[in-house]
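Within every chain, numbering begins at 1; the chains are lettered A, B, ... in the order of the sequence lines, protein sequences first and strands thereafter.
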Amino acid sequence: MHRYRTHRCGELTKSHVASTARLSGWVHRKRDHGQLLFIDLRDHTGLTQIVLQPEQPFFAEAEALKLESVVTVTGKVVARTAETINPDLPTGEIELVAGALEIDSVADTLPLQVNAERDYPEETRLTYRFLDLRREKMQRQIRLRSAITSSIRRRMTDLGFTEIQTPILTASSPEGARDFLVPSRLHPGRFYALPQAPQQYKQLLMMSGFDRYFQIAPCFRDEDARADRSPGEFYQLDLEMAFATQEDVFAAVEPVMHGIFEEFSDWAVTPMPFPHIAYKDAIRRFGTDKPDLRNPIEMQDVSEAFRDSGFKIFAGILAKNPKHAVWAIPAPKGGSRAFCDRMNAWAQGEGQPGLGYIFFKDGEGSGPLAKNIGPERTAMIREQLGLEDGDAVFFVAGDPASFYKFAGSARDKVGHDLDLVEKDVYRFCWIVDFPMFEWDEEAKAVGFSHNPFSMPQGGMEALETKDPLEILAYQYDIVCNGVELSSGAIRNHRPDIMEKAFAIAGYDKQILEERFGGMWRALHYGAPPHGGIAPGLDRIVMLLAKTENLREVIAFPMNQQAQELLLGAPAPVTEKQLNELHLQLSLTAREKLKAEAAPRTAEPAADELRANLLS
RNA sequence: GGGGGUGUAGCUCAGUCGGUUAGAGCGCUGGCCUGUCACGCCAGAGGCCGCGGGUUCGAGUCCCGUCACUCCCGCCA
């Protein structure tokens with residue numbers, strides 16, 4: 001008989017009755033009747049009820065067992081009587097009558113309960129992550145992540161993609177987010193950077209003739225956290241294809257995404273092909289480049305209804321600048337003064353002057369705004385938006401470039417508050433035709449708006465003849481339920497076009513050679529046209545697990561302050577380590593205090609242990 | 001860097017208008033219980049009310065500061 005187990009805790013059924021079995025696992029719950037003790041024994045497969053009788057020599061020891069202790073039980077599998085069958089448990093028709101009990105490991109009093117589905121503060125959960133992970137929900141979510149990852153690998157391999165690892169210690173790149181830097185011991189004063197994405201390497205692989213590459217790639221960016229953005233590190237399904245057009249990339253990725261979402265959820269998924277929405281249309285219709293298409297509301301430009309109207313504020317705004325506009329956010333079934341006033345109060349809380357509105361009842365428009373512009377213009381708006389009695393409409397005026405974000409969040413709020421958002425469905429779309437360049441207000445100059453290696457639409461001719469801010473790129477995002485899952489592009493494989501594009505963004509050829517040396521060289525020795533994309537794995541799993549927080553689908557996440565509470569990262573290092581790396585710290589008194597205060601870990605002893613290991 | 005929320009027993013939370021000895025559930029300790037499965041019953045221990053200062057006869061409660069966690073803004077080619 002195996003030292004620890006002949007079966008798993010979720011395995012025994014009526015067919016095993018009368019056989020001898022050995023189970024190992026955690027004490028999930030105890031029910032002590034004095035002269036009879038039940039223990040629910042748990043492992044990754046489920047629960048089995050163990051029955052312990054008082055004549056057994058280990059009975060007292062078993063009674064004293066703390067929850068979450070680890071034990072090995074050997075005994076006879078017995079059928080339960082009809083009255084004692086537990087229909088809620090897969091193993092509920094049998095129980096194991098203990099003949100021997102071995103205590104493998106005892107547990108202290110628990111800081112969080114494993115056997116209860118209740119919420120604990122993040123800090124407690126992360127400090128005791130090993131306990132948190134034992135809970136059923138976390139087991140389910142981490143296993144879901146594993147299954148999704150396997151499925152992605154299989155699908156990509158079936159499509160002829162080759163999985164290739166790329167370096168973790170690489171070079172800092174001048175564009176993008178803040179880098180994590182790793183000081184070099186052998187090269188004083190020089191630093192490696194952790195990759196923000198394997199962008200250049202995957203393009204080099206295309207130039208190396210691998211045709212189709214993919215990787216479940218770790219990416220590192222030193223940004224502040226959000227609920228849907230881990231601090232520091234995350235994973236992407238990174239892929240790249242040679243001799244591919246934008247449509248080829250869509251045709252490869254769409255079935256993978258669609259297939260994954262069909263495989264791991266019973267919610268409806270947007271049928272293929274996913275709709276394509278141009279960036280500027282997404283902004284105009286939804287106020288964001290990552291629209292939640294479950295929300296049916298679409299905004300419209302209603303400037304003409306307000307131009308030279310009796311509503312002097314909007315008329316004035318429109319007269320001031322030809323770029324200015326008035327956008328309407330329809331609110332079906334939102335036609336009550338209470339709702340409109342609530343929206344107005346919300347807008348003021350968002351730092352807006354307010355939110356103009358009209359609501360429709362008894363065949364006409366109500367509210368101060370309708371009075372100001374008169375019945376004809378009110379009817380025009382109603383006509384354009386197809387509104388009926390009982391509906392409302394909100395207005396935002398000014399320069400769309402500055403108000404579209406607010407308009408987008410107003411659309412979100414109307415959709416949610418009026419319960420218009422579709423349920424139990426994944427709504428996908430592609431956002432295409434991103435601008436190649438954008439105006440950097442801080443630098444007062446033109447810069448790359450997304451990926452500097454994207455191919456401008458129209459190629460060299462566009463760069464030479466068009467206003468840079470008008471040029472579009474072969475740059476695209478895939479969006480699901482308002483979550484940006486990935487962005488990608490057809491790359492610029494022509495050194496002459498790249499030189500010109502970088503010149504427009506203010507980088508001269510020398511920078512290109514210095515900072516992108518490897519790729520710049522490779523482009524001169526036969527580079528295939530290529531492109532790719534990189535869907536974020538954490539966000540895919542988060543959507544499929546139906547949670548709102550990335551930390552729910554990461555085994556050992558950092559907290560919002562980018563600290564890992566189990567091992568205590570980031571941690572101070574010794575003088576010796578600093579010296580080897582040719583580093584000196586330059587900290588203010590206040591920063592020194594903070595640096596010396598060791599991060600909290602689960603066991604105070606861990607801090608001591610770490611100090612010993614480091615010295 | 002900025003704004004919001006939270007901080008009370010091991011854990012989750014309640015705590016009224018500032019007023020006597022700060023409560024509940026789970027967990028923990030002791031006792032009882034041979035069919036429970038969120039077992040039940042009885043008893044008990046456990047509190048720097050995050051920390052510092054202030055107002056007050058009196059502060060968990062009000063004010064100021066500070067720290068921690070969390071959500072958001074900035075940031076995220």
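Panel note: side chain A/Lys202, backbone A/Leu239; a donor-acceptor pair is recorded below 3.5 Å. Of the possible polar contacts, none joining the A/Asp222 side chain to the A/Gly232 backbone as a donor-acceptor pair under 3.5 Å is found.
One can place CG of A/Leu65 at 15 Å from C1' of B/C28, the figure rounded to the nearest angstrom. Between the CG atom of A/Leu131 and the P atom of B/G10 there is a distance of 17 Å, given to the nearest Å. If you take CD of A/Glu63 and P of B/C39, they are 15 Å apart, rounded to a whole angstrom. Remark: P of B/C76 and CD of A/Gln199 are 17 Å apart, rounded to the nearest angstrom. Between A/Gln56 atom CD and B/U34 atom C1' the separation is 14 Å, expressed in whole Å. Rounded to an integer number of Å, the gap from A/Asn451 CG to B/C76 C1' is 14 Å. Counting to the nearest Å, the P atom of B/C75 and the CZ atom of A/Phe220 are 24 Å from each other. In this structure, CG of A/Leu112 is placed 15 Å from C1' of B/C28, rounded to the nearest angstrom.
With C1' as the reference atom, B/U34 and B/U70 are 49 Å apart, rounded to whole Å. To the nearest whole angstrom, the two C1' atoms, one in B/G23 and one in B/U8, are 10 Å apart. Between B/C13 and B/U55, the two P atoms lie 34 Å apart (nearest whole Å). Nucleotides B/G54 and B/G10 are separated by 28 Å at their P atoms, to the nearest Å. The same atom, C1', is picked in B/U20 and in B/C32; the two are 37 Å apart, to the nearest Å. Taking atom C1' in both B/G27 and B/A45, the straight-line distance is 13 Å, to the nearest Å. Here, B/C17 and B/C73 have their P atoms 35 Å apart, quoted to the whole Å. Comparing B/A9 with B/U29, their C1' atoms sit 15 Å apart, to the nearest whole Å.
For B/C69, the OP1/OP2 oxygens have a side-chain nitrogen or oxygen of A/Gln563 closer than 4.0 Å. Taking 4.0 angstrom as the limit, A/Asn549 places a side-chain polar atom (N or O) nearer than this to OP1 or OP2 of B/C71. Residue A/Arg226 places none of its side-chain N or O atoms closer than 4.0 Å to OP1 or OP2 of B/C75.
For A/Phe516 and A/Phe453, the distance between ring centers is under 6.0 angstrom.
Under the 4.5 Å side-chain criterion, counting only non-hydrogen atoms from C-beta, A/Val479 is not in contact with A/Trp430. No side-chain heavy atom of A/Val182 sits under 4.5 Å from any side-chain heavy atom of A/Phe180. Residues A/Tyr404 and A/Asp399 fail the side-chain proximity criterion, which asks for heavy atoms closer than 4.5 Å. Within the 4.5 Å cutoff, the side chain of A/His493 has no heavy atoms near those of the A/Met206 side chain.
Each of A/Leu126 and A/Gln53 was matched to the nucleotide of RNA chain B holding its nearest heavy atom; the match closer to the 5' end belongs to A/Gln53. Each of A/Leu110 and A/Gln35 was assigned the nucleotide of RNA chain B with the nearest heavy atom; the assignment lying further toward the 5' end belongs to A/Leu110.
Looking at heavy-atom distances under 4.0 Å, A/Ser449 makes contact with sugar-phosphate atoms alone, never a base. If you check every strand for non-hydrogen atoms under 4.0 Å, A/Arg551 touches sugar and phosphate atoms only. Residue A/Pro111 is in sugar-phosphate contact alone, with no base atom involved, counting any heavy-atom pair closer than 4.0 Å across all strands shown.
Screening A/Gln457, A/Lys280, A/Gln246 for a side-chain hydrogen bond (donor to acceptor under 3.5 Å, both in side chains) involving A/Asp433 leaves a single residue, A/Gln457. When each of A/Lys546, A/Arg135, A/Lys137 is checked for a salt bridge (Lys or Arg N to Asp or Glu O under 4.0 Å) with A/Glu552, only A/Lys137 meets the rule.
The side chain of A/Asn559 lies closest to B/U70, out of B/C28, B/U70, B/C33. When distances run from any side-chain atom of A/Gln561 to the nucleotides B/C75, B/U70, B/G27, the shortest one goes to B/U70. Which of B/U12, B/C28, B/C33 sits closest to the side chain of A/Asp32 comes down to B/C33. The nucleotide whose nearest atom lies closest to any side-chain atom of A/Leu36 is, among B/C71, B/C75, B/U34, B/U34. Side-chain proximity of A/Glu223 to the nucleotides B/G74, B/C76, B/U29 is greatest for B/C76.
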What N/O pairs connect the protein and nucleotides 24-26 of chain B at under 3.5 Å? Give each pair on its own line.
from: B/G25; atom 1: N2; to: A/Arg118; atom 2: NH1; distance (Å): 3.4
from: B/C26; atom 1: O2'; to: A/Gln113; atom 2: OE1; distance (Å): 3.1
from: B/C26; atom 1: O2'; to: A/Gln113; atom 2: NE2; distance (Å): 2.5

Short heteroatom pairs, N/O only, protein and nucleotides 36-38 of chain B, under 3.5 Å:
from: B/U36; atom 1: O4'; to: A/His33; atom 2: NE2; distance (Å): 3.3
from: B/U36; atom 1: O2; to: A/Arg31; atom 2: NE; distance (Å): 2.6
from: B/U36; atom 1: O2; to: A/Arg31; atom 2: NH2; distance (Å): 3.4
from: B/U36; atom 1: O2; to: A/Gln49; atom 2: OE1; distance (Å): 3.3
from: B/U36; atom 1: N3; to: A/Gln49; atom 2: OE1; distance (Å): 2.8
from: B/U36; atom 1: N3; to: A/Gln49; atom 2: NE2; distance (Å): 2.9
from: B/U36; atom 1: O4; to: A/Gln49; atom 2: NE2; distance (Å): 2.8
from: B/U36; atom 1: O4; to: A/Arg80; atom 2: NH1; distance (Å): 3.2
from: B/C37; atom 1: O4'; to: A/Arg31; atom 2: NE; distance (Å): 2.9
from: B/C37; atom 1: O2; to: A/Gln49; atom 2: OE1; distance (Å): 3.2
from: B/C37; atom 1: O2; to: A/Asn86; atom 2: ND2; distance (Å): 3.2
from: B/C37; atom 1: N3; to: A/Arg80; atom 2: NH1; distance (Å): 2.7
from: B/C37; atom 1: N4; to: A/Arg80; atom 2: NH1; distance (Å): 3.3
from: B/C37; atom 1: N4; to: A/Thr84; atom 2: O; distance (Å): 2.5

* Which dot-bracket string describes RNA chain B (Watson-Crick N1-N3 plus N6-O4 or O6-N4, or G-U N1-O2 and O6-N3, all under 3.5 Å; [ ] crossing; | other strand)? -> (((((((..((((.....[...)))).(((((.......))))).....(((((..]....))))))))))))....
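Looking only at atom types and distance, the side chain of A/Arg31 has a donor-acceptor partner in the side chain of A/Gln49 under 3.5 Å away. Using modelled atom types and a 3.5 Å distance limit, the side chains of A/Tyr279 and A/Asp477 yield no donor-acceptor pair. No side-chain N or O of A/Thr124 forms a donor-acceptor pair with one of A/Thr127 less than 3.5 Å apart.
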* Does the pair A/Val114 and A/Tyr128 meet the rule for a side chain to side chain contact (heavy atoms under 4.5 Å, CB included), with working shown? -> CA-CA 11 Å; A/Val114 175; A/Tyr128 296 94; over 6 Å; no
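Put simply, the side chain of A/Arg221 and the base of B/C75 share no donor and acceptor less than 3.5 Å apart.
Shown here is A/Gln510, whose CD atom has no more than 12 heavy atoms of other residues, nucleotides or ligands within 6.0 Å.
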